[in-house]
Amino acid sequence: MIDPAPIQPAAGKPVVIRKRADAQTPVRRLGGLDVAVVTGVDAIARIDAAIASRQRLQIAFVNAHCVNVSMTDADYAAVMSEMLCLPDGIGVDVGSRMLFGEPFPENLNGTDFLPRFFGETQGELRVGLVGGEPGIVDRAAERFGERFPQHRFIAVSHGFFAEGEETERLLDWIRLARLDVLLVGIGVPRQERFLARHVGAREAPVAFAVGALLDFTAGKVARAPAFVRRLRIEWIWRLLMEPRRLARRYLAGNPAFLARIAHQRLRK
């Protein structure tokens, strides 16, 4: 290990636009982001196809916080326009209802979707992990390996690497690992920028920006109980677990998100 314009909805039918990076995938515009209207089955099929063809596919999970960031960070929004953006959480469903009359087909948050993908994909994958504090990727790789022994999970690096020589060394290790999939969990928007600027098909044909997934998998952060997840209020649990870090994101960010979506609706 190393150190666009608003869309007018048609009566009775939600309107989608087409993502520039993939004309096959319908999307809905929330703030500055195009979020895919896709089921988990279809998303997994697309990922499998990218791995088989060794073609670059980068995936991000979009929640209300990501939409807020896209409205103030043009570079982040541009980076995300080239990724497959999957809907993550109740916030984007609320936004979709407000703008298009219905929620997304599925909640494809990374903490649930990635294990589902590893369990359902037909291939035997080499998966690299980058992110978290020192030791997190080692524990996450071990736990993933225990749960999905058909794949090989490789702890590549913690998330505290600097641009420059450290990043170049990290990329060298990633290339040597001959990965099929790369998981990068170093926070929004750094992780998406890292993938866009440094990771191509040579490094890993499929790469995910995974946020706190590695911390959850390693056991550093406790996942909300199942009934909390079923009620779709996991964000409250996370706020209670990490109030200092997440108070601004949720207590200020959620109202800001709703205000932005309401403004987008009025502009229509």
Side-chain angles (χ1 to χ4, degrees), residues 1-3 21-22 43-61 79-80 82-86 108 110-188 190-218:
M1 178 170 136
I2 66 169
D3 296 305
D22 179 10
I44 290 171
R46 183 173 168 198
I47 295 165
D48 283 341
I51 294 171
S53 63
R54 308 299 291 182
Q55 292 186 343
R56 185 188 194 223
L57 175 63
Q58 299 191 339
I59 300 155
F61 300 93
V79 162
M80 294 286 277
E82 299 303 318
M83 296 187 177
L84 175 63
C85 296
L86 300 181
L108 301 177
T111 312
D112 293 319
F113 178 78
L114 264 299
R116 175 181 173 183
F117 165 67
F118 292 138
E120 294 183 10
T121 183
Q122 297 303 304
E124 298 179 2
L125 305 177
R126 294 174 61 84
V127 184
L129 281 61
V130 174
E133 298 174 352
I136 290 293
V137 289
D138 301 274
R139 296 200 297 274
E142 181 179 359
R143 293 189 177 186
F144 271 137
E146 292 170 352
R147 186 173 177 184
F148 306 105
Q150 68 272 37
H151 307 307
R152 182 176 179 189
F153 295 90
I154 303 165
V156 179
S157 174
H158 58 68
F160 294 88
F161 56 89
E163 286 290 337
E165 291 185 4
E166 289 187 14
T167 295
E168 290 305 315
R169 288 197 298 269
L170 168 61
L171 294 171
D172 286 341
W173 274 103
I174 289 172
R175 294 176 193 122
L176 286 171
R178 300 178 65 185
L179 302 175
D180 300 298
V181 175
L182 176 65
L183 311 183
V184 177
I186 54 177
V188 174
R190 185 185 171 212
Q191 58 193 11
E192 292 84 6
R193 288 195 176 106
F194 174 81
L195 292 180
R197 294 171 181 172
H198 299 298
V199 178
R202 178 187 176 194
E203 287 73 29
V206 171
F208 291 85
V210 299
L213 170 68
L214 303 179
D215 287 336
F216 286 129
T217 305

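None of these values were measured; they are calculated from a predicted model.
In this structure D180 satisfies the side chain to side chain contact (heavy atoms under 4.5 Å, CB included) test together with I51, R54, L125, R126, sequence neighbours excluded. For E120, the salt bridge (Lys or Arg N to Asp or Glu O under 4.0 Å) test picks out R116, with sequence neighbours left out. In this view, R139 satisfies the salt bridge (Lys or Arg N to Asp or Glu O under 4.0 Å) rule with no residue, not counting sequence neighbours. Under the rule for a side chain to side chain contact (heavy atoms under 4.5 Å, CB included), the partners of E165 that lie at least two apart in sequence or sit in another chain are R169. For R175, the side chain to side chain contact (heavy atoms under 4.5 Å, CB included) partners two or more places apart in sequence, or in a different chain, are L171, D172, R202, E203. Listed by chain and number, the residues in a side chain to side chain contact (heavy atoms under 4.5 Å, CB included) with R147 are P115 (sequence neighbours excluded).
A distance-only check finds no donor-acceptor pair linking the side chain of H158 to the backbone of V130 [under 3.5 Å]. Distance alone, capped at 3.5 Å, places no donor-acceptor pair between the E142 side chain and the D138 backbone. Panel note: side chain S157, backbone L170; no donor-acceptor pair is recorded below 3.5 Å. The main-chain N or O of F118 is found under 3.5 Å from a side-chain atom of Q150 such that the two form a donor-acceptor pair. Side-chain atoms of Q191 never come within 3.5 Å of backbone atoms of L183 as a donor-acceptor pair (strictly under, hydrogens ignored).
When all heavy atoms of L213 and G110 are compared, the closest pair comes out as CD1-O, 4.1 Å. Between A155 and A141, the shortest heavy-atom distance links the atoms N-CB, 4.1 Å.
For the pair L182 and V206, the minimum side-chain heavy-atom distance is 4.5 Å or more. Inter-residue side-chain proximity for M80 and C85 is flagged as met; some heavy-atom pair is nearer than 4.5 Å.
Rounding to the nearest 0.5 Å gives a distance of 10.5 Å between CD1 of I174 and CG of L176.
No close placement of the F117 and F148 rings is indicated, their centers lying 6.0 Å or farther apart.
Within a 6.0 Å radius of CZ in R152, other residues, nucleotides and ligands contribute 12 heavy atoms or fewer.
For the pair R190 and F160, the cation-pi test (distance below 6.0 Å, angle within 45°) is failed.
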**Report entry** Pair L57-I47, side-chain contact (heavy atoms from CB on, under 4.5 Å): steps then yes or no
**Finding:** CA-CA 7 Å; L57 175 63; I47 295 165; 4.0 Å; yes

